[in-house]
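Atoms within a ligand are numbered from 1 in the order they appear, just like the ligands themselves. Predicted model only: the values in this text are computed from it and were never measured. We use all heavy atoms of the structure for the numbers below, so side chains are in, but hydrogens, waters and symmetry mates are not.
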Amino acid sequence: MTTIRQLAVESLTHLMAGGQERLAVDDDARSILRDWMLQARRGVQPAAAVAPSAAPEMTVEEKLTLLRRRAENWKPALRLGTLRSTMVFATGNPHARLMLVGEAPGYDEERLGEPFVGRAGQLLNKILTAMGLSRDEVYISNVCKFRPDMGPEQGTANRPPTAEEVAACLPLILAEIRAIRPACIVCLGGSSAKALLSSESSVSSMRGRWLECQGVPVRVTYHPSYLLRNEALSARRSVWEDMLAAMEKLGMPISERQKRYFLPA
Ligand code: URA
C-alpha cells in the first residue's frame, strides 16, 4: 500500500531532482517531517513506520486536531481584516453520522469557544432532544470559523458573515466533511447551504429535497435564530420536517408522536 509518507518522499525527491533546494512548509507539515526524520535517524524504515498495525493513516481525531490547529491561524480569513481573531472550531462526535453546519460564531460562541452555545444553540439542543439525539452524538460546526467584526462598539451584537468571509473559511469545513464522512449533513440557514452547495438559491427553495456536498447527502433547513424571530407553528413544522427527513436518512426510528410534532391541532 502506498502511504502518505512514501508519496511525500517521492514528491520531495522529484523536486530535489529538478534542482529545488528550498520549500516553504507550514508548522504542521514541519512537525510531521521532523518526526519522519527522527524515525529515519533511529533506523525505523518507512515500511515499518507505516505498517497497518502502526497507524498507516491518520485517525479522524488526528485529522481534526490538525485542522483545528491550521484553523487557529487561518490566513485567508484573518487577512480579510473583517473577522475577529478568536477561532471557534467545532463540537461533538468525530464519528457522528449527522453533521450540522451553521454560519458563524456569535458573542456567546466566541466567549465559550464552542459553536451553538447561545440562544440559537439552546434551541438547536431542544431540536436534537426531540430527535432523540444529544450534542455528543452529532458533529456541530460552522462554515465561518471567526465571529464577524462590527468594530469597537460591537458589544454583544453579531452579524452574518459575508460571502467573502464564508469563502475564505470554506476549505476548512470541506476538510471536516472529508474527515468525518457523515451519513448526512443538515445545513442550518442560507450561509451554510449556499457555501456547501455552491448555490445562490434561498433556503426555502433549497429545502425539501436531498442535495449533495462532496458525495454526502445534504438537507437544508432554516437557521434556529430564524425560529427565534418567527414563532409561527408552520416555521417550526418546516424545520421539523427537515429533521424528520434526516432521521429517516439515518435509519433512526420515528414514533407516531414525533411524526405529529408541530402539526396544527
Ligand atoms: N449561529 C451559528 O450559525 N453558529 C453558531 O455557532 C452560533 C450561532
J.: Quick test: of every protein heavy atom, which one is nearest to atom 4 (N) of ligand 1, and how far off is it to 0.1 Å?
T.: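 Answer for atom 4 (N) of ligand 1: N142 OD1, 2.8 Å.
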J.: Could you tell me whether ligand 1 has any atom less than 4.0 Å away from a heavy atom of E114?
T.: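 E114: no contact with ligand 1 (<4.0 Å).
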J.: Within the 4.0 Å heavy-atom shell around P115, which atoms of ligand 1 are there?
T.: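 Result: 6 (O).
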J.: How long is the span from the SG atom in C213 to the CE atom in M99, to the nearest 0.5 Å?
T.: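 Going from SG on C213 over to CE on M99, the span is 8.5 Å.
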J.: Can you tell which part of E103 has a heavy atom less than 4.0 Å from ligand 1: side chain, backbone, both or neither?
T.: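 Both backbone and side chain.
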J.: With R147, which residues qualify under salt bridge (Lys or Arg N to Asp or Glu O under 4.0 Å), at least two apart?
T.: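 Here the qualifying residues are E110.
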J.: Return the option from G102, A104, A120 holding the heavy atom at the smallest distance from atom 5 (C) of ligand 1.
T.: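 Going through G102, A104, A120 one by one, A104 has the nearest heavy atom to atom 5 (C) of ligand 1.
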J.: I need the atoms of ligand 1 closer than 4.0 Å to a non-hydrogen atom of H223, numbered in the order shown.
T.: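 Contacts of ligand 1 toward H223, numbered from 1: 1 (N), 2 (C), 3 (O).
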J.: Does K249 qualify as a cation-pi partner of W210, given the criterion of NZ or CZ under 6.0 Å from the six-membered ring centre and within 45 degrees of its axis?
T.: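 Cation-pi check for K249 and W210: passes.
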J.: So, using ring-ring contact (aromatic ring centres under 6.0 Å, His included) as the criterion, who are the partners of F116 when residues are at least two apart?
T.: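 If we apply the ring-ring contact (aromatic ring centres under 6.0 Å, His included) test to F116, skipping adjacent residues, the hits are H223.
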J.: Can you list the steps and then say if S238 with T221 is a side chain to side chain contact (heavy atoms under 4.5 Å, CB included)?
T.: CA-CA 8 Å; S238 297; T221 196; 5.9 Å; no
